[in-house]
There are 2 protein chains.
Amino acid sequence: MSHTPGVRQAQKQKTRQALMDAALGLLEEQSLSSLGLREVTRAVGVAPTAFYRHFPSVADLGVALVEEALGSLHPMIRTTVSPAEDSDERIARAVELIAGHVAAHPAHVRFIARERHGGVQPVRDAIREQLARFAQEVKTELAKDPVSAGWSDADLLMLAGLYVDQMLVTGSLFLEALEVQDDQEAQDDHGAQKEARRRAADTATRQMRLISIGRRHWLD
Amino acid sequence: MSHTPGVRQAQKQKTRQALMDAALGLLEEQSLSSLGLREVTRAVGVAPTAFYRHFPSVADLGVALVEEALGSLHPMIRTTVSPAEDSDERIARAVELIAGHVAAHPAHVRFIARERHGGVQPVRDAIREQLARFAQEVKTELAKDPVSAGWSDADLLMLAGLYVDQMLVTGSLFLEALEVQDDQEAQDDHGAQKEARRRAADTATRQMRLISIGRRHWLD
DNA sequence: CCATGCAGTTAACAACTGTTCTCTGGAATT
DNA sequence: AATTCCAGAGAACAGTTGTTAACTGCATGG
């Protein structure tokens, strides 16, 4: 049943991906609930009706984007939180990892930040579900750490949630830093952007350090 | 100049407020970037062109909503963070205050959460500015607390930012708890909603407590 | 009391939207 | 080699959108 050996399915997935990419681009200056079906197909260069061959509606396109943006992130998160080495060094590594991810996939990060509380329910639900999975995974990693000895299940989950939220906050912070260059176009003022990036990393590091300190003294 | 004694100005502000209220209502199931001018005027019961007498565009309506939603919150925040009484009791009071605010003005909270990273730049900027003011105010209150003795300016600001972010996270958490009743309409299942509320308050309290612990041990 | 200002109306416009039905060409199956 | 399948095109539909211009009526200030 359908081993799909084909040139056919390949082309289909190619246009499907083109639709998703075009949508992601258009979503940089609007939200999903205002994204039109025709707008997307026009950007790709296909007929409006072709859209229906891939998604029943723009909302479903959004759900697919959620999985593209967050689905491949699970292993990365697991290895980052897993107990190892010195705490301060792990924090620095986590912050750098987030910064790198935002620099590599800014549109994905913006999409998640924007649609997490956005106007399209199925997309909100998909994001919430992925983040809940993240929290569960972080929780199981935290449980392995000797620091978590004696912690209740509820406490572990609350800390995992705090980490996940903080990850998103840090992500948007780096995203804002990336947008600094757009405001000043006089000369290529990469200095100000680098500055904003550095300040974002600094703030994120301090906040994660404070959380980590609170974690160590939780059972006092 | 312009003591505006009039019945005239009163009626104008009345329709202006009606436009804002209608917009806020419509924004419960979409985002601002998809909110149409005609949609709003239709909901109020005035001609589409009447809109221009009050706002140049929907984006400006959004900026006005930001000020309505956050402008009156400054004194409340200042008194909540100000140093007094026991720490755990202050946390409980803060969480209850947020819960009460969300219950009293759910549409405002949803609007801020949604448009903070939404698709309309002027609105994003307005929210960011208000939140920055919050952070500054929280910072000056934190500085008064003896616990903050020896803290650098950057550390105080980072903690203030953490508190502000946590306030928003807690707000959306309570908002999600409010929406639980919509999912199950069989009977008036207020039990599940109360449960969700309780769990949200519990999580928020634990998280703030952990942050507060990290704060006390920051200078170790 | 009369002239002005201005909140709100009416009508019309070109442009755009999502969705339907019908059709086509080429890959996939037999 | 003949047939089926199906991604995409094309045309047409009924609604919707933002914005314009010219208007009406009433509270205001002289």
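A quick note: this is a predicted structure, and the numbers were derived from the prediction, not measured. In what follows, every chain begins at residue 1, and chains take the letters A, B, ... in the order their sequences are listed.
Rounding to the nearest 0.5 Å places CZ of A/Arg90 at 10.0 Å from OG1 of A/Thr80.
One N or O on the side chain of A/Arg114 and one on the backbone of A/Leu27 form a donor-acceptor pair closer than 3.5 Å. The backbone N or O of A/Met158 sits nowhere less than 3.5 Å from a side-chain atom of B/Thr203 that would complete a donor-acceptor pair.
A side-chain donor-acceptor contact under 3.5 Å links A/Glu39 and A/Gln30. A side-chain donor from one of A/Gln17 and A/Glu68 sits under 3.5 Å from a side-chain acceptor of the other. Side chains of A/Glu115 and B/His117: no donor on one and acceptor on the other come within 3.5 Å.
At C/dG8, one or more side-chain N or O atoms of B/Thr15 fall inside 4.0 Å of OP1 or OP2 (strictly under the cut-off). In this structure, B/Arg42 reaches the D/dT17 phosphate: one of its side-chain N or O atoms is under 4.0 Å from OP1 or OP2.
Here the C1' atom of nucleotide D/dA7 and the CZ atom of A/Arg8 are 6 Å apart, to the nearest Å. Look at CD on B/Gln13: it is 12 Å from P on C/dG8, rounded to the nearest Å. Remark: P of D/dG10 and CZ of A/Arg38 are 13 Å apart, rounded to the nearest angstrom. Rounded to an integer number of Å, the gap from CD of A/Gln11 to P of D/dG8 is 7 Å. Rounding to whole angstrom units, NZ of residue B/Lys12 and C1' of D/dT28 are separated by 14 Å. A straight line from CG of A/Leu37 to P of C/dT20 spans 11 Å, rounded to a whole angstrom. Separating the CD atom of B/Gln30 from the P atom of C/dT17 is a distance of 16 Å, rounded to the nearest angstrom. B/Arg16 places its CZ atom 12 Å from the P atom of C/dA7, with the value rounded to the nearest Å.
Taken residue by residue, residues 49-58 of chain A places heavy atoms nearer than 4.0 Å to DNA chain D at A/Thr49, A/Ala50, A/Arg53, A/His54.
Taking each heavy atom of A/Val58 and A/Leu35 in turn, the nearest pair found is CG1-O, 3.8 Å.
Each of D/dT17, C/dT10, C/dT17 was ranked by its minimum atom distance to the side chain of B/Ala47; first place goes to C/dT10.
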